[in-house]
Amino acid sequence: MSKIQVNGNEQILETDSVSVLELIKLNKVLNADMVSVQLNGEFVDREVYSSTVLKDNDEIDFLYFMGGGAN
Amino acid sequence: MDFTEDQIQRYSRHIILQDVGVEGQERINKGKVLIVGAGGLGAPVALYLAAAGVGTIGIIDGDVVDLSNLQRQVIHFTPDVNKAKVLSAKEKINQLNPDVKVITYYDLLTASNALDIIKDYDFVVDGTDNFPVKFLINDACVQAGKPFSHGGILRFEGQTITVLPGTACYRCVFHAPPPPNAVPTCSQAGVLGAIAGMLGTIQAAEVLKYLTGVGDLLTNRLLTFNAKTMDFRTIKVKHNHRCAVCGDHPTITELVDYEQATCEIKTHGEGVPHKALIQK
Ligand SMILES: [Zn+2]
């Protein structure tokens with residue numbers, strides 16, 4: 001079990017070795033392409049989402065693409 | 001610059017503001033700002049900058065006013081339906097503040113005209129609604145060393161970041177446009193009208209802070225908010241050394257119309273941008 005911060009809110013991971021990709025799914029992000037992910041202040045490359053495993057006290061930010069503005 | 005009596009009265013609430021004063025107001029009146037997109041974000045940005053007395057406001061937009069725009073694009077009125085948005089916006093600005101010189105471009109911002117248009121301005125505001133143009137604005141401004149404000153809205157949410165030469169750019173954070181249809185647009189998913197005003201006025205405040213030199217700009221921080229909870233958050237972001245446009249080894253050294261570059265590599269360089277892809 002580990003305690004992490006997701007977008008500033010605490011989340012408890014019940015199982016070990018949760019990857020960034022799994023966390024994206026756990027947080028019901030519809031499509032991994034909708035977000036850019038920061039782990040402890042560093043951007044995570046899409047290619048390593050599934051191999052990057054979260055540990056206790058990690059801080060994760062999902063930065064959502066927002067394209068609206070004109071129309 | 002010597003202010004007339006009328007101008008002193010018009011700008012009095014700025015002039016008495018300790019951090020702005022006569023000097024700050026003069027800087028605003030000498031400022032030249034380009035607004036890309038005269039829509040949901042561009043409308044409040046243009047109105048507040050005009051009211052503040054920004055000396056030159058450039059507006060680029062290739063669209064005409066549609067009835068469905070009026071729910072949030074507050075610079076356009078019902079009789080403006082079918083009128084070019086740049087013309088409708090210019091008319092309102094002229095009525096609001098005759099001090100402002102308005103330059104209109106009834107056109108889309110493309111890889112071939114971007115650098116030529118932005119070179120005349122001190123600051124660029126992204127009020128567009130699609131990723132290829134957002135990345136184009138970023139890349140053009142980074143290459144030209146122009147400060148700009150990125151803005152995006154969707155449903156009940158908004159985000160914005162201010163980018164100065166050397167600070168984290170939009171591409172540092174978001175790398176590349178998402179695959180087509182991965183992220184819904186406002187026309188597909190909707191947007192609460194007032195969200196455009198909330199985000200646009202934040203962008204306008206950033207412009208005025210930049211012109212007057214007051215305060216700390218929203219650099220290296222992405223501001224996001226969700227109006228359902230009214231939670232505002234700023235997330236620290238860092239300049240990304242692997243960024244394709246401002247990193248240590250940039251791979252983007254000339255502008256391309258992004259979707260065209262990825263979908264139609266063969267035609268790159270032949271000039272005519274794919275309007276259907278860049279069009280809103
Ligand atoms: Zn960058």
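Please read these numbers as outputs of a predicted model, since none were measured by experiment. Below, chains carry the letters A, B, ... as their sequence lines are ordered, and counting in each starts from 1.
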Contact winner vs chain A - B/Q159, B/E157, B/R155, heavy-atom pairs under 4.5 Å: B/Q159
Separation between CZ of B/F131 and CE of A/M66, rounded to the nearest 0.5 Å: 9.0 Å
Taking every non-hydrogen atom, the tightest pair across A/Q38 and B/K238: OE1-N, 4.2 Å
Other residues, nucleotides, ligands: >12 heavy atoms within 6.0 Å of B/Y48 OH: no
Distance (rounded to the nearest 0.5 Å) between B/N226 CG and A/Y64 OH: 10.5 Å
Contacting moiety of B/K236, where chain A heavy atoms sit under 4.5 Å: backbone
Nearest-0.5 Å distance, CD1 of residue B/I161 to CG of residue A/L63: 9.0 Å
Heavy-atom side-chain contact between B/V183 and A/D33 under 4.5 Å: no
Residue pair A/S36 / B/H175, side-chain heavy-atom distance below 4.5 Å: yes
Residue among B/G200, B/C172, B/A189 with most heavy-atom pairs under 4.5 Å to chain A: B/C172
Which of B/I235, B/L154, B/V173, B/N240 touches chain A most, by non-hydrogen pairs under 4.5 Å: B/V173
Parallel, tilted or perpendicular: ring planes of A/F65 versus B/F135, cut at 30 and 60 degrees: tilted
B/R233 to A/D61 - nearest heavy-atom pair and separation: NH2-OD1, 2.8 Å
Rounded distance (nearest 0.5 Å) linking atom CZ of B/R242 with atom CG of A/D45: 4.5 Å
